[in-house]
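Note that the coordinates shown come from a computational prediction; the quantities given were computed from them, not determined experimentally.
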Amino acid sequence: MIGNNLFGKLFVIDRYFTIAIRKKREKNLFRQDKFIPDFITPASRERWVADPMLIDANGKTYLFYESVLGDKGHIEVAEVREDCTVGESKIILQDVCHYSYPFVFSYKGEWYMIPESSADNEVRLYKSVHFPEQWMMRAVLLHGKAVDTTVFEQDGQLYLITFFLGEKSEKVIPHAYELELSDDNICLQEMKWETYDELRVRGAGPFIMTDHGLIRPAQINQEQRYGDGLVFYKVSTEDEYNEKRICEINAINLKVSGYYVDGLHTYCSSDRFEAIDIRCGVVNVLKPILKLFRKR
């Protein structure tokens with residue numbers, strides 16, 4: 001990665017995210033497999049996409065994701081075809097607030113979504129009216145600048161984790177809760193979460209159920225930059241919330257032809273597909289010369 005970082009400093013003038021999809025392999029990404037995509041969604045610095053969430057429903061696979069035009073994001077959904085390409089996209093959540101990380105989950109036969117709405121200092125729960133396109137806001141779960149809220153179920157109990165942003169830094173403070181969710185009642189009971197790395201804990205996609213237990217992807221960030229890679233943790237919820245590091249994934253594990261890729265920050269999988277978002281660089285070999293002239 002040293003050479004990659006040096007190249008980026010010398011010749012990359014801008015970065016953006018896009019989504020890479022592939023058919024599911026016997027070994028998935030957190031088992032240190034090389035990620036070679038079958039399809040990459042078109043994107044640019046002016047209009048880019050990130051935070052993929054793959055959902056199997058009604059015999060189809062849907063891709064929920066953040067779409068950003070300029071500096072403002074909204075939530076879209078599209079069907080993933082058999083060849084990993086995606087169908088026509090439809091906007092499902094858009095207003096004056098910036099939205100990202102559309103975490104979608106099913107519970108007791110109903111579909112729910114918690115998009116990131118930290119720009120409005122709220123964690124909002126939406127319920128599907130007509131899946132996957134129509135949603136209504138069900139409740140405000142928490143107040144504050146919380147990001148990447150993720151829900152998982154273990155032994156019949158729902159849990160919710162979220163991450164409160166620090167001041168002028170990519171450091172976050174994580175919180176874990178037991179979640180009670182029904183038509184009549186929504187309740188959060190906070191759990192202890194004492195051991196974590198502020199730059200390597202932020203949410204990066206749904207939990208993964210394996211033969212060895214629950215696995216959670218998290219972001220690897222720097223003080224002033226996010227999306228350098230992923231770290232995978234094994235999760236325990238006995239008495240308090242705990243995690244044990246399993247492995248890390250970064251750009252060296254990706255093989256994406258035709259793109260300068262130096263990071264990723266979300267991973268998800270369905271029965272048939274896997275998806276990540278990749279950080280792409282816009283390369284300009286004249287960057288050192290342009291910087292030299294600006295100094296004069």
Side-chain angles (χ1 to χ4, degrees), residues 1-2 4-5 8 15 17-20 22 24-25 27-37 50-54 66 100-101 103 116 118 146-152 154 159-166 169-176 191-238 240-256 261-269 274-280:
M1 285 298 291
I2 294 176
N4 209 29
N5 287 336
R15 289 177 170 86
F17 279 91
T18 192
I19 295 171
R22 74 173 184 180
K24 203 166 186 178
R25 310 295 206 265
K27 288 185 177 181
N28 54 26
L29 187 61
F30 71 89
R31 291 194 174 110
Q32 299 285 355
D33 187 20
K34 285 277 187 183
F35 193 100
I36 304 173
D51 296 344
M53 302 287 166
L54 290 169
E66 169 196 16
S100 60
Y101 197 83
F103 186 82
E116 181 185 313
S118 61
V147 297
D148 302 334
T149 302
T150 304
V151 172
F152 67 99
Q154 188 174 43
Y159 297 89
L160 179 148
I161 61 171
T162 195
F163 309 87
F164 285 87
L165 292 172
S169 169
E170 292 300 329
K171 289 183 177 181
V172 296
I173 300 173
H175 290 262
M191 305 172 65
K192 289 183 179 179
W193 188 346
E194 295 184 344
T195 304
Y196 55 86
D197 183 330
E198 294 170 313
L199 288 171
R200 303 164 74 89
V201 71
R202 181 171 170 172
F207 284 64
I208 308 157
M209 178 59 75
T210 72
D211 294 337
H212 303 289
L214 274 176
I215 308 296
R216 183 179 79 88
Q219 297 180 29
I220 298 174
N221 296 325
Q222 298 184 33
E223 281 270 5
Q224 303 300 325
R225 189 175 73 181
Y226 71 96
D228 280 359
L230 299 174
V231 54
F232 289 86
Y233 295 106
K234 184 176 180 181
V235 174
S236 170
T237 55
E238 294 181 7
E240 61 181 30
Y241 186 90
N242 285 302
E243 296 184 333
K244 181 179 179 181
R245 176 188 171 279
I246 296 176
C247 67
E248 295 182 8
I249 302 293
N250 53 42
I252 200 171
N253 300 99
L254 310 179
K255 190 174 181 181
V256 186
V261 177
D262 67 353
L264 66 156
H265 82 322
T266 308
Y267 169 81
C268 63
S269 64
E274 289 182 288
I276 59 174
D277 53 12
I278 55 177
R279 190 175 64 201
C280 304

[X]: side-chain hydrogen bond (donor to acceptor under 3.5 Å, both in side chains) partners, not counting sequence neighbours:
X      : value
Gln154 : Thr237
Asp33  : Arg22
Arg31  : none
Thr195 : none

[X] (side chain) donor-acceptor with [Y] (main chain) under 3.5 angstrom:
X      : Y      : answer
Lys234 : His212 : yes
Lys34  : Ile252 : yes
Gln219 : Gly203 : yes

To the nearest 0.5 angstrom, please state how far the [atom1] atom of [X] sits from the [atom2] atom of [Y].
X      : Y      : atom1 : atom2 : result
Ile276 : Asp51  : CD1   : CG    : 13.0 Å
Gln224 : Lys171 : CD    : NZ    : 10.0 Å
Ile161 : Phe103 : CD1   : CZ    : 8.5 Å
Asp262 : Arg279 : CG    : CZ    : 4.0 Å
Ile220 : Leu264 : CD1   : CG    : 8.0 Å
Ile246 : Ile215 : CD1   : CD1   : 3.0 Å

List for me each residue that meets ring-ring contact (aromatic ring centres under 6.0 Å, His included) alongside [X], sequence neighbours excluded, and say none if there are none.
X      : answer
Tyr226 : Phe17, His265
Tyr233 : none
Phe232 : Phe30, Tyr267

Of all the heavy-atom pairs spanning [X] and [Y], show the shortest one and how long it is.
X      : Y      : result
Ala275 : Pro52  : CB-CB, 4.0 Å
Ile208 : Pro217 : CD1-CD, 4.5 Å
Leu29  : Ile249 : O-CD1, 3.3 Å
Thr162 : Ala146 : OG1-CB, 3.3 Å
Cys280 : Thr18  : SG-CG2, 3.9 Å
Gly227 : Asn221 : N-OD1, 2.8 Å

How about [X] and [Y]: do any of their side-chain heavy atoms sit closer than 4.5 Å?
X      : Y      : value
Val147 : Tyr101 : no
Asp228 : Asn250 : no
Trp193 : Val201 : yes

Review point. Can you list the residues that meet the side chain to side chain contact (heavy atoms under 4.5 Å, CB included) rule with Lys24, with sequence neighbours excluded?
Key: Ser269, Glu274

**Study point:** Contacts of type side chain to side chain contact (heavy atoms under 4.5 Å, CB included), residue Ile173, not counting sequence neighbours
**Key:** His175, Tyr196

Revision key, fill the gap. Here the salt bridge (charged side-chain N to carboxylate O under 4.0 Å, His left out) pairs for residues 208-220, sequence neighbours left out, are Arg216-Glu243

Review point. Looking at residues at least two apart in the chain, or sitting in another chain, which of them share a salt bridge (Lys or Arg N to Asp or Glu O under 4.0 Å) with Asp148?
Key: Arg202

Study note, to complete from the structure: Residue set satisfying salt bridge (Lys or Arg N to Asp or Glu O under 4.0 Å) with Glu240, at least two apart, ordered chain then number -> none

**Study point:** salt bridge (charged side-chain N to carboxylate O under 4.0 Å, His left out) assessment of Glu170 paired with Arg225
**Key:** CA-CA 7 Å; Glu170 292 300 329; Arg225 189 175 73 181; over 6 Å; no

